[in-house]
Amino acid sequence: MARNQTSAQKRFAQSEVRRMRNKAVKSECRTYAKQFVEAVLKKDQQLAADKLKQLTSRLDSARGKGIITLNAASRKKSRMAKLYNVTFAAPAAN
């Protein structure tokens with residue numbers, strides 16, 4: 001005989017699907033962050049600018065989905081922008 005699925009079982013299954021989706025989005029954000037840092041370390045300004053733009057977009061997307069908090073997204077974007085600006089700042093004219 002087939003038993004009906006309980007609401008707890010259904011809730012567990014739903015939360016597992018969401019957990020895996022959230023994990024994929026967070027992993028994608030970390031991957032873009034690593035690619036950005038690699039570009040900065042190579043001193044490739046154009047590639048770094050592209051990766052920073054992509055990373056910012058992914059963080060905003062994750063924030064919109066509620067996967068990361070507003071402050072976490074802002075903090076990560078700020079730190080990456082600061083790294084970019086410090087690395088590629090024009091030398092001060094005397």
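Scope of the values below: all heavy atoms of this structure, side chains included, with no hydrogens, waters or symmetry mates.
- How far OG of S7 is from CD of Q14: 10.0 Å, rounded to the nearest 0.5 Å.
- Taking CG of N71 as the start and NZ of K76 as the end, the distance is 11.5 Å to the nearest 0.5 Å.
- Using modelled atom types, one finds a donor on one side chain and an acceptor on the other under 3.5 Å when comparing Q35 with K51.
- Remark: D50 CG to Q46 CD distance equals 5.0 Å, nearest 0.5 Å.
- Among K82, K43, Q45, the one residue that satisfies the side chain to side chain contact (heavy atoms under 4.5 Å, CB included) test with T87 is K43.
- Of all the heavy atoms in D60 and K77, the pair that sits closest is OD1-NZ, 2.6 Å.
- The distance from the OG atom of S27 to the CG atom of N22 is 12.5 Å, given to the nearest 0.5 Å.
- Cluster annotation: Y84 and V37 are assigned to the same hydrophobic cluster (Ile/Leu/Val/Met/Phe/Trp/Tyr, side-chain heavy-atom contacts under 4.5 Å, transitive).
- Atoms OG1 and CD, on T31 and E28 in that order, are 7.5 Å from each other to the nearest 0.5 Å.
- Under the side chain to side chain contact (heavy atoms under 4.5 Å, CB included) test applied with M80, the options L55, T56, L59 reduce to a single match, L55.
- Looking at heavy atoms from C-beta onward, L83 lies in side-chain contact with F36 at the 4.5 angstrom threshold.
- Here the side chain of S78 pairs no donor or acceptor atom with the backbone of S74 at under 3.5 angstrom.
- Among residues two or more places apart in sequence or in another chain, the side chain to side chain donor-acceptor pair (under 3.5 Å) test is passed with R19 by E16.
- No donor-acceptor pair closer than 3.5 Å links the side chain of S61 to the backbone N or O of S57.
- A continuous path of Ile, Leu, Val, Met, Phe, Trp and Tyr side chains, each step under 4.5 Å between heavy atoms, connects F88 with L41, placing both in one hydrophobic cluster.
- Note: Q5 CD to F12 CZ = 11.5 Å, rounded to the nearest 0.5 Å.
- Partners of T6 under the side chain to side chain donor-acceptor pair (under 3.5 Å) rule, at least two apart in sequence or in another chain, are Q9.
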